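Structure first, commentary second.
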Amino acid sequence: MATPIESRIRLFLGDITSLDCDAIVTAANDALCGGGGVDGAAHDAAGSELVRASMALAPCPAGEARITGGFNLAARFVIHAVGPIFRDIDTDRETLANAYASSLSLAAENNAASIAFPCISTGAFGFPPNSACEIAIDTVIQWLRSNDQPNLVTFCCFEPDDHGRYKERLTELGLLS
Ligand code: AR6
């Protein structure tokens, strides 16, 4: 029997680079050249080889993702997902969902059994956090319903407010006890 979805979702508050999962996702820009926020943390922790590897795969338009090794990170892979720079919820909703779905698809193709996501686009790119949380959770649930891999998805929140938001929504959906 398939593992129930609630056993395949985790919520974590803290630094994504500390997580020991097969793949961590970073919220990148289309040049994949590193930057601030979670991308800065991922590049700092992985070491300078990461920027060489990621830039070789650029450009990466919003809504897409690219995969590299994890270098000095505990994670085997870094998935560089590019979310939308927020302008308008109607058009940017789909682009944000695509950034999550592309990341999940790359994880599956590379046999990554576990993946951790930051709250893509909600920092420098200005996506409203409540809508971003809904889109992230809905997209992941949809993926998990129809795919066995990755088997485990961690939502990694860096801000306590985001953690509270995810906790509330996941609890409402019966996916967190
Ligand atoms: N671990 C997990 N989440 C983190 C960490 C961390 N160490 N640090 C920050 N966050 P942002 P964006 C959260 O700005 O909005 C970069 O310069 C943060 O609290 O990192 O997609 C890129 O190169 C927020 O919830 O990404 C791009 O140019 C979330 O990560 C641009 O920023 C996303 O914030 C991408 O902007």
Side-chain angles (χ1 to χ4, degrees), residues 9-68 70-75 77-89 91-104 106-107 114-137 139-140 152-170:
I9 290 181
R10 298 268 188 282
L11 181 59
F12 175 77
L13 173 64
D15 181 1
I16 202 165
T17 65
S18 71
L19 291 178
D20 186 3
C21 27
D22 285 344
I24 64 162
V25 177
T26 181
N29 52 61
D30 58 4
L32 304 183
C33 59
V38 65
D39 212 20
H43 281 270
D44 285 350
S48 58
E49 279 175 282
L50 184 64
V51 78
R52 281 195 284 278
S54 60
M55 286 182 75
L57 304 175
C60 180
E64 294 186 16
R66 305 282 186 263
I67 191 165
T68 65
F71 300 99
N72 296 336
L73 286 163
F77 299 111
V78 176
I79 295 177
H80 308 255
V82 181
I85 299 172
F86 185 76
R87 282 185 210 90
D88 163 70
I89 189 72
T91 49
D92 294 337
R93 166 185 297 279
E94 190 180 351
T95 312
L96 184 60
N98 288 342
Y100 280 90
S102 307
S103 302
L104 290 161
L106 278 175
S114 54
I115 183 172
F117 281 103
C119 308
I120 300 171
S121 278
T122 63
F125 283 181
F127 208 105
N130 283 324
S131 304
C133 167
E134 270 184 46
I135 294 163
I137 291 174
T139 308
V140 165
L152 183 66
V153 176
T154 299
F155 293 108
C156 173
C157 300
F158 198 58
E159 305 289 339
D161 281 357
D162 277 321
H163 185 262
R165 201 171 268 126
Y166 273 74
K167 190 169 179 187
E168 195 179 322
R169 177 125 183 106
L170 288 168

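Treat the numbers as computed from the prediction; the structure is a model and nothing was measured. Whatever order the structure lists them in is the order used to number ligands and atoms, beginning at 1.
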task = Using atom types as modelled and distance alone, determine if a side-chain donor or acceptor of Ser18 lies under 3.5 Å from a backbone N or O of Asp15.
result = yes

ask   = Short list, please: which atoms of ligand 1 are under 4.0 Å from a heavy atom of Asp39?
value = 22 (C), 23 (O)

ask   = Which atoms of ligand 1 sit under 4.0 Å from any heavy atom of Gly35?
value = 17 (O), 23 (O)

Any N/O pair Gly126/ligand 1 closer than 3.5 Å = no

remark   = When distances are taken from atom 1 (N) of ligand 1, the protein heavy atom at minimum range is Ile16 N, 3.0 Å

Closest protein heavy atom to atom 15 (O) of ligand 1, given as residue, atom name and distance to 0.1 Å = Gly123 N, 2.8 Å

message = Please check this pair: side chain of Asn29 against backbone of Gly34, looking for a donor-acceptor N/O pair closer than 3.5 Å.
response = yes

remark   = Near Gly34 (heavy-atom distance under 4.0 Å), the atoms of ligand 1 are 23 (O)

message = I need the atoms of ligand 1 closer than 4.0 Å to a non-hydrogen atom of Glu159, numbered in the order shown.
response = 19 (O)

task = Below 4.0 angstrom from a heavy atom of Ala27, which ligand 1 atoms are there? Numbered from 1 as shown, please.
result = 21 (O), 22 (C), 26 (O), 35 (C)

key: Phe155 ring center near Phe12 ring center (under 6.0 Å)   = no

task = Supply the atom-to-atom distance Leu73 CG to Leu50 CG, rounded to the nearest 0.5 angstrom.
result = 7.5 Å

request  = Around atom 29 (C) of ligand 1, find the nearest protein heavy atom and jot down its residue, atom name and distance.
outcome  = Cys119 O, 3.3 Å

ask   = How far does OG1 of Thr139 sit from CG of Leu96, to the nearest 0.5 angstrom?
value = 7.0 Å

ask   = Tell me, which protein residue and heavy-atom name are nearest atom 20 (O) of ligand 1, and how many Å apart are they?
value = Val38 N, 2.9 Å

ask   = Taking C-beta and beyond as the side chain, do Ile79 and Thr26 meet within less than 4.5 Å on heavy atoms?
value = no

query = For the atom pair CZ (Arg93) and CG (Asn98), what is the distance rounded to the nearest 0.5 Å?
reply = 12.5 Å

ask   = Identify the closest protein heavy atom to atom 7 (N) of ligand 1: which residue and atom is it, and at what distance?
value = Asp15 OD1, 2.8 Å

request  = Name the closest protein heavy atom to atom 14 (O) of ligand 1, giving the residue it belongs to and the distance to 0.1 Å.
outcome  = Ala124 N, 2.8 Å

Atom indices of ligand 1 within 4.0 angstrom of Ala41 heavy atoms, with elements = 7 (N)

task = Report yes if Pro118 has an N/O atom closer than 3.5 Å to an N/O atom of ligand 1; otherwise report no.
result = no

note = When distances are taken from atom 31 (C) of ligand 1, the protein heavy atom at minimum range is Phe125 CE2, 3.5 Å

ask   = Atom OG in Ser54, atom NE2 in His80: separation rounded to 0.5 Å?
value = 5.0 Å

inquiry  = For a 4.5 angstrom cut-off between non-hydrogen side-chain atoms, does Cys133 reach Asp162?
reply    = no

task = Look at ligand 1 and say whether Gly14 reaches it with a heavy atom at a distance under 4.0 Å.
result = yes

inquiry  = When you compare the side chain of Leu32 with that of Val82, does any pair of heavy atoms fall below 4.5 Å?
reply    = yes

inquiry  = Using side-chain heavy atoms (C-beta onward) and a distance below 4.5 Å, is Phe127 in contact with Pro84?
reply    = yes

inquiry  = Please list, in number order, the atoms of ligand 1 under 4.0 Å from a heavy atom of Asn29.
reply    = 22 (C), 23 (O), 27 (C), 28 (O)

request  = Output yes when the distance from some N or O of ligand 1 to some N or O of Phe158 is under 3.5 Å, and no in every other case.
outcome  = no

key: Cys119 side, atom SG; Glu159 side, atom CD - distance, nearest 0.5 Å   = 8.5 Å

query = Ignoring hydrogens and geometry, is there a side-chain-to-backbone donor-acceptor pair from Arg66 to Pro59 under 3.5 Å?
reply = yes

query = Do any nitrogen or oxygen atoms of Ser121 come within less than 3.5 Å of a nitrogen or oxygen of ligand 1?
reply = yes

message = Can you tell me how far apart OG (Ser131) and CD1 (Ile89) are? Round to the nearest 0.5 Å.
response = 4.0 Å

request  = Look only at interatomic distance and state if Cys156 has a nitrogen or oxygen under 3.5 Å from any nitrogen or oxygen of ligand 1.
outcome  = no

message = Any nitrogen or oxygen of Ala28, side chain or backbone, less than 3.5 Å from one on ligand 1?
response = no

request  = Enumerate the atoms of ligand 1 whose separation from the nearest heavy atom of Asp162 is less than 4.0 angstrom.
outcome  = 25 (O)

ask   = Evaluating non-hydrogen atoms only, which member of Ala116, Ala99, Gly36 is closest to atom 16 (C) of ligand 1?
value = Gly36

key: Protein contact to atom 25 (O) of ligand 1 [nearest heavy atom, distance to 0.1 Å]   = Thr122 OG1, 2.9 Å

